[in-house]
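Just so we're clear, the structure is a prediction, and the values are computed from it rather than from any experiment. Computed over heavy atoms, backbone and side chain alike; hydrogens, waters and symmetry mates excluded. Numbers restart at 1 for each chain; the letters A, B, ... are given by sequence-line order, proteins then strands.
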Protein chains: 2
Amino acid sequence: MGAIATNTVILGDCIESLKKLPSKSVDLVFADPPYNLQLGGDLLRPDNSKVDAVDDEWDRFDSFETYDRFTTAWMSECQRVLKDDGAMWVIGSYHNIFRVGAILQTLGFWILNDIVWRKSNPMPNFKGTRFTNAHETLIWAAKGRGSRRYTFNYDAMKMANDDLQMRSDWTFPLCTGDERLKDENGVKAHPTQKPEALLRRVILASTKPGDIILDPFFGTGTTGAAAKQLGRKFIGLEREEQYATLARERIAKVVPLTEADLETMGSKRSEPRIPFGQIVESGLLRPGDMLYCSKGERSARVRADGSLVIGDMAGSIHKVGAMIQSAPACNGWTYWHFKTDKGLAPIDVLRMKMRSSLAQLAA
Amino acid sequence: MGAIATNTVILGDCIESLKKLPSKSVDLVFADPPYNLQLGGDLLRPDNSKVDAVDDEWDRFDSFETYDRFTTAWMSECQRVLKDDGAMWVIGSYHNIFRVGAILQTLGFWILNDIVWRKSNPMPNFKGTRFTNAHETLIWAAKGRGSRRYTFNYDAMKMANDDLQMRSDWTFPLCTGDERLKDENGVKAHPTQKPEALLRRVILASTKPGDIILDPFFGTGTTGAAAKQLGRKFIGLEREEQYATLARERIAKVVPLTEADLETMGSKRSEPRIPFGQIVESGLLRPGDMLYCSKGERSARVRADGSLVIGDMAGSIHKVGAMIQSAPACNGWTYWHFKTDKGLAPIDVLRMKMRSSLAQLAA
DNA sequence: TTCTCACGTGAATCTGTAG
DNA sequence: ACTACAGATTCACGTGAGA
């Protein structure tokens with residue numbers, strides 16, 4: 001069997017290109033397919049600026065059926081091209097990930113984990129109509145149910161997570177700043193460029209040095225850049241010449257890391273923020289309970305959503321604290337107290353209690 | 001139409017029971033369906049070495065098909081039973097959530113968010129073969145694509161998250177300790193009892209007091225307990241008599257919160273509308289008074305009918321505000337200010353004054 | 001040089017009601 | 001069904017100008 005050509009970007013339709021690749025030839029597939037967003041009209045921010053939406057031609061499908069056919073086609077080709085011990089990652093949002101996951105199961109892939117990418121800086125929901133869409137989902141699946149020899153670098157992952165098992169929820173910022181590729185006018189070159197940190201974790205977790213990684217939706221080549229950096233090989237398929245060119249230029253500049261560099265890559269943890277509402281939801285305080293200032297001469301009532309009430313004033317622990325002191329600001333955590341059998345204690349105590357029960361949450 | 005019986009647990013097969021419920025009668029469905037594809041026997045055989053690959057594949061396909069048929073059946077009945085402005089939540093793990101999500105989309109439900117429940121204390125992966133499975137996924141969906149009047153208590157959620165929009169990732173501990181129902185031997189009564197805190201957030205976010213919540217997989221009644229506590233009604237369907245009995249006993253002990261404690265931050269959209277003209281009619285402003293933008297460099301004159309004039313432009317506070325900023329839209333209540341002895345104040349202050357005096361008249 | 005602050009922007013299924 | 005219009009609505013972070 002001749003060696004397959006690697007570290008290359010193949011221009012053309014991804015399904016056509018896949019059909020030309022030999023069976024059982026790659027170790028890992030990473031796929032970031034179109035999400036099939038179904039947007040209405042324009043969306044304006046509160047300051048009346050327009051949101052730059054993903055309305056590209058490649059993300060438009062007639063119907064769920066069309067999208068499903070497309071998904072089945074590229075995915076079954078990937079399955080053929082994968083080695084028997086190989087695995088596949090697919091990333092998506094709620095628009096497409098359920099269809100992707102169901103099709104992948106139906107094709108016989110065996111899901112190993114679903115992984116949540118928590119965005120530390122997501123775009124808000126400008127109209128106040130839903131929860132802030134603050135995550136995307138990745139599915140990690142072995143080629144088949146019988147594949148038990150997929151690669152998982154358990155210890156590397158544990159090391160990267162302060163000696164705790166790596167969990168299924170990962171926190172990374174969006175791809176911004178210098179990492180984000182821009183054209184000569186400073187406009188983003190690709191609407192959906194993924195952060196390299198995300199790809200590095202995927203690659204460190206599920207490949208060995210020298211492995212071949214296939215990305216059928218290569219875009220501007222984040223997978224290739226991360227692969228080269230980490231001493232893996234890649235094959236990228238991309239339809240748009242402009243993206244393929246950018247990807248080649250980008251990857252040419254990447255300097256592979258030394259083994260010593262790889263060892264120092266860890267992730268830091270920070271203290272989780274605890275909203276006051278969660279103290280109430282958890283039952284540490286109950287709606288109707290009273291809070292007091294340190295001397296006890298002012299009191300406020302807790303409501304179910306974590307707001308406080310005094311007379312006809314209502315708001316957050318901070319706002320209500322500031323209002324009754326006529327102060328510009330107030331730290332509600334230290335201002336407000338709750339009754340214990342030993343007297344009044346600041347509600348910050350409850351926050352610390354909550355934190356310690358959540359202590360395993362790493363970044 | 002006779003009122004539907006609420007605050008009750010109906011014993012029997014969930015699909016049969018659903019068929020007896022009237023159409024368009026409930027406000028919310030919360031469903032925690034079986035995860036493991038083991039419905040009424042075994043859908044998925046344990047891995048069996050004597051079965052060859054082809055048979056195995058057929059077997060697997062057949063299993064998913066059975067699960068999909070079951071899912072389609074209960075879900076389309078739920079869709080029928082929902083009011084047009086109603087919504088549904090489904091919780092699941094990677095074993096079933098992709099099939100659930102895809103079917104729900106195919107049935108015409110319109111996904112509003114997928115929500116990640118991050119477990120603060122998940123069970124570790126003992127064999128070190130995968131990432132710690134540390135989350136479950138909830139899907140929140142409106143009955144149909146056109147339903148824009150689903151309930152979302154944006155302000156209550158924002159309040160519960162320290163004045164920041166609530167995100168799509170929620171962190172709660174597993175249901176343990178006193179909250180976990182045990183039998184007389186101290187063994188957990190139900191294998192997948194959900195934490196009440198999770199249900200409280202679901203209910204606070206997406207229902208109004210008095211709403212009817214249907215749970216077709218009631219189990220030991222977490223949904224009913226949270227609903228009763230928060231002043232909502234429930235209908236629980238449960239197949240196992242033992243669970244239904246436990247649920248009834250559990251819910252009987254729940255003490256509902258008082259109305260005052262249940263009150264949450266309301267949205268501005270639900271407050272009574274005050275036309276600007278009414279501010280002028282009431283004398284809070286007078287025809288001929290000047291209004292200013294926040295920095296004071298633009299001004300407009302108030303006319304008797306509540307219109308504003310600048311030069312030869314005239315119109316509503318919103319129209320004129322938008323025109324002079326060349327903006328597509330403008331909220332005149334916050335854009336325009338009037339002079340007070342302490343400087344400029346937004347005319348929204350006058351609207352609030354008017355609202356509170358109207359509220360006193362009504363009382 | 002270093003700090004502050006205004007400004008821009010990211011895979012988005014993003015309004016409600018009266019007539 | 002449609003149109004018209006009132007009016008509600010944003011978090012984290014990087015950049016760059018100016019103090």
Side-chain angles (χ1 to χ4, degrees), chain A residues 32-56 58-61 64 91-97 117 119-137 171-180 182 186-188 190-195 217 219 273, chain B residues 85 105 109-114 141-142 145-150 152 154-155 158 161-168 267-277 306 315-319 321-322 327-336 347-348 351:
Chain A
D32 182 10
Y35 285 12
N36 191 20
L37 259 40
Q38 294 165 54
L39 306 177
D42 284 347
L43 177 63
L44 297 181
R45 303 167 198 265
D47 66 2
N48 280 323
S49 66
K50 204 178 120 187
V51 173
D52 183 17
V54 178
D55 53 1
D56 304 68
W58 48 255
D59 196 45
R60 287 199 280 268
F61 295 84
F64 284 134
I91 183 167
S93 67
Y94 67 86
H95 310 86
N96 70 325
I97 198 66
W117 168 28
K119 302 176 184 183
S120 53
N121 50 350
M123 197 186 301
N125 181 291
F126 295 115
K127 301 299 186 188
T129 56
R130 304 180 178 189
F131 297 97
T132 305
N133 202 350
H135 75 276
E136 293 187 25
T137 301
T171 307
F172 292 107
L174 296 169
C175 180
T176 58
D178 288 341
E179 193 187 317
R180 187 91 196 207
K182 313 250 168 56
V187 178
K188 62 185 176 189
H190 192 284
T192 71
Q193 187 182 337
K194 296 291 178 289
F217 306 96
R273 194 176 56 84
Chain B
D85 296 340
Q105 287 181 307
F109 282 98
W110 192 243
I111 298 183
L112 299 169
N113 279 112
D114 59 335
R145 180 168 188 171
S147 332
R148 306 180 81 150
R149 294 174 48 94
Y150 58 88
F152 179 50
Y154 174 77
D155 297 277
K158 187 169 177 178
N161 193 35
D162 276 1
D163 280 331
L164 294 176
Q165 290 191 339
M166 186 71 81
R167 298 168 36 118
S168 57
S267 75
K268 285 195 179 174
R269 287 188 176 111
S270 62
E271 285 181 74
R273 197 114 135 208
I274 310 282
F276 180 68
S316 71
I317 52 173
H318 314 294
K319 275 268 173 68
C330 168
N331 183 340
W333 292 107
T334 51
Y335 181 75
W336 294 110
I347 58 174
D348 206 24
R351 182 169 63 162

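- With dT9(D), dG10(C), dT13(C) as the choices, the nucleotide that has an atom nearest any side-chain atom of Asp155(B) turns out to be dT9(D).
- Checked against dT9(D), dT13(C), dA6(D), the side chain of Asn133(A) finds its nearest nucleotide in dT13(C).
- Listed by first residue number, the stems of DNA chain D with at least three Watson-Crick or G-U pairs below 3.5 Å are C:2-10 with D:11-19, C:15-19 with D:2-6.
- The residue Asn113(B) sits apart from the nucleic acid: no heavy atom pair falls under 4.0 Å.
- Side-chain to base pairing of Arg45(A) with dG10(C): one donor and one acceptor N or O lie within less than 3.5 Å of each other.
- Residue-to-nucleotide proximity on DNA chain D shows that, of Ser267(B) and Lys319(B), the 5′-proximal contact is made by Lys319(B).
- Heavy atoms of Ile317(B) sit nowhere under 4.0 angstrom from any nucleic acid atom.
- Residue-level contact check: Pro33(A) touches the bases, meaning some heavy atom is under 4.0 Å from a base atom.
- When rounded to the nearest whole Å, the span between CG of Asn48(A) and P of dC7(C) equals 15 Å.
- When distances run from any side-chain atom of Leu174(A) to the nucleotides dA11(C), dA6(D), dT13(C), the shortest one goes to dA11(C).
- Side chain Arg130(A) to base dT13(C): a donor-acceptor pair is found below 3.5 Å.
- Between dT10(D) and dC7(C), the two C1' atoms lie 14 Å apart (nearest whole Å).
- Proximity of a side-chain donor or acceptor of Arg130(A) to a complementary backbone N or O of Ser168(B) within less than 3.5 Å is not detected.
- Between the side chains of His318(B) and Ser316(B), no donor N or O sits under 3.5 Å from an acceptor N or O.
- A donor and an acceptor atom, one from each side chain of Tyr35(A) and Glu136(A), are located under 3.5 Å apart.
- Residue Lys188(A) places none of its side-chain N or O atoms closer than 4.0 Å to OP1 or OP2 of dT9(C).
- Which of dT17(C), dT9(D), dT13(C) sits closest to the side chain of Tyr154(B) comes down to dT9(D).
- Within 6.0 Å of CG on Asp47(A) lie more than 12 heavy atoms contributed by other residues, nucleotides or ligands.
- Between dG8(C) and Arg180(A), no contact under 4.0 Å exists linking OP1 or OP2 to a side-chain N or O.
- Contact between the side-chain N/O atoms of His318(B) and the OP1/OP2 oxygens of dG7(D) is found at a separation under 4.0 Å.
- The distance between atom CD of Glu136(A) and atom P of dG10(C), rounded to the nearest whole Å, is 14 Å.
- Aromatic ring orientation, Trp58(A) versus His190(A): parallel (interplanar angle below 30°, classes split at 30° and 60°).
- To the nearest 0.5 Å, atoms CG (Asn133(A)) and CG (Asp114(B)) are separated by 6.5 Å.
- At dA6(D), one or more side-chain N or O atoms of Ser316(B) fall inside 4.0 Å of OP1 or OP2 (strictly under the cut-off).
- In the region residues 119-128 of chain A, proximity to DNA chain D at under 4.0 angstrom, judged on heavy atoms, holds for Ser120(A), Asn121(A), Pro122(A), Pro124(A), Asn125(A), Phe126(A), Lys127(A).
- As judged by a 4.0 angstrom heavy-atom cut-off over every strand, Ser93(A) is placed among residues making no nucleic acid contact.
- A salt bridge links Lys188(A) with Asp52(A): the distance from a Lys NZ or Arg NE/NH1/NH2 to an Asp or Glu carboxylate oxygen falls below 4.0 Å.
- At the heavy-atom level, Leu43(A) lies under 4.0 Å from base atoms of the strands shown.
- Side-chain proximity of Lys268(B) to the nucleotides dA8(D), dC11(D), dG7(D) is greatest for dA8(D).
- Using a 4.0 Å heavy-atom criterion, one finds that Asp59(A) contacts the bases of the nucleic acid, with or without backbone contacts as well.
- Side chains of Thr176(A) and Arg180(A): a donor-acceptor N/O pair is absent below 3.5 angstrom, by distance only.
- Nucleotides dC14(C) and dA12(D) are separated by 23 Å at their P atoms, to the nearest Å.
- Considering only side-chain N and O atoms, Lys158(B) lies under 4.0 angstrom from the phosphate OP1 or OP2 of dT10(D).
- Of the listed nucleotides (dG10(C), dA11(C), dA8(D)), dA8(D) has the atom at the smallest distance from the side chain of Arg351(B).
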For this session: For the pair Lys158(B) and Asp163(B), evaluate salt bridge (charged side-chain N to carboxylate O under 4.0 Å, His left out) and give the outcome as yes or no after the intermediate values.
Result: CA-CA 5 Å; Lys158(B) 187 169 177 178; Asp163(B) 280 331; over 6 Å; no

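- At a threshold of 4.0 angstrom between heavy atoms, the contacts of Arg149(B) are confined to the sugar-phosphate backbone, with no base atom among them.
- Taking 4.0 angstrom as the limit, Tyr150(B) places none of its side-chain polar atoms (N or O) nearer than this to OP1 or OP2 of dT15(C).
- Using a 4.0 Å heavy-atom criterion, one finds that Ile274(B) contacts the sugar-phosphate atoms exclusively.
- Atom pair Asp47(A):CG and dC11(D):P shows a separation of 13 Å (rounding to whole Å applied).
- The side chain of Ala329(B) sits closest to dG7(D) out of dT10(D), dC14(C), dG7(D).
- A 4.5 Å side-chain heavy-atom check between Ser147(B) and Trp110(B) finds every atom pair outside the cut-off.
- dT13(C) has its base syn relative to the sugar, with a glycosidic angle deviating from 0 by at most 90°.
- Of the P atoms belonging to dA11(C) and dT9(D), the separation is 25 Å, rounded to the nearest Å.
- The existence of a salt bridge linking Arg351(B) and Asp348(B) is confirmed by a sub-4.0 Å separation between a basic side-chain nitrogen and an acidic carboxylate oxygen.
- Looking at heavy-atom distances under 4.0 Å, Gly219(A) makes no contact with the nucleic acid at all.
- In this structure, of dG14(D), dA12(C), dC11(D), it is dC11(D) that holds the atom nearest to the side chain of Gln165(B).
- Side-chain contact between Ile111(B) and Asn113(B): absent, with no pair of heavy atoms (C-beta onward) separated by less than 4.5 Å.
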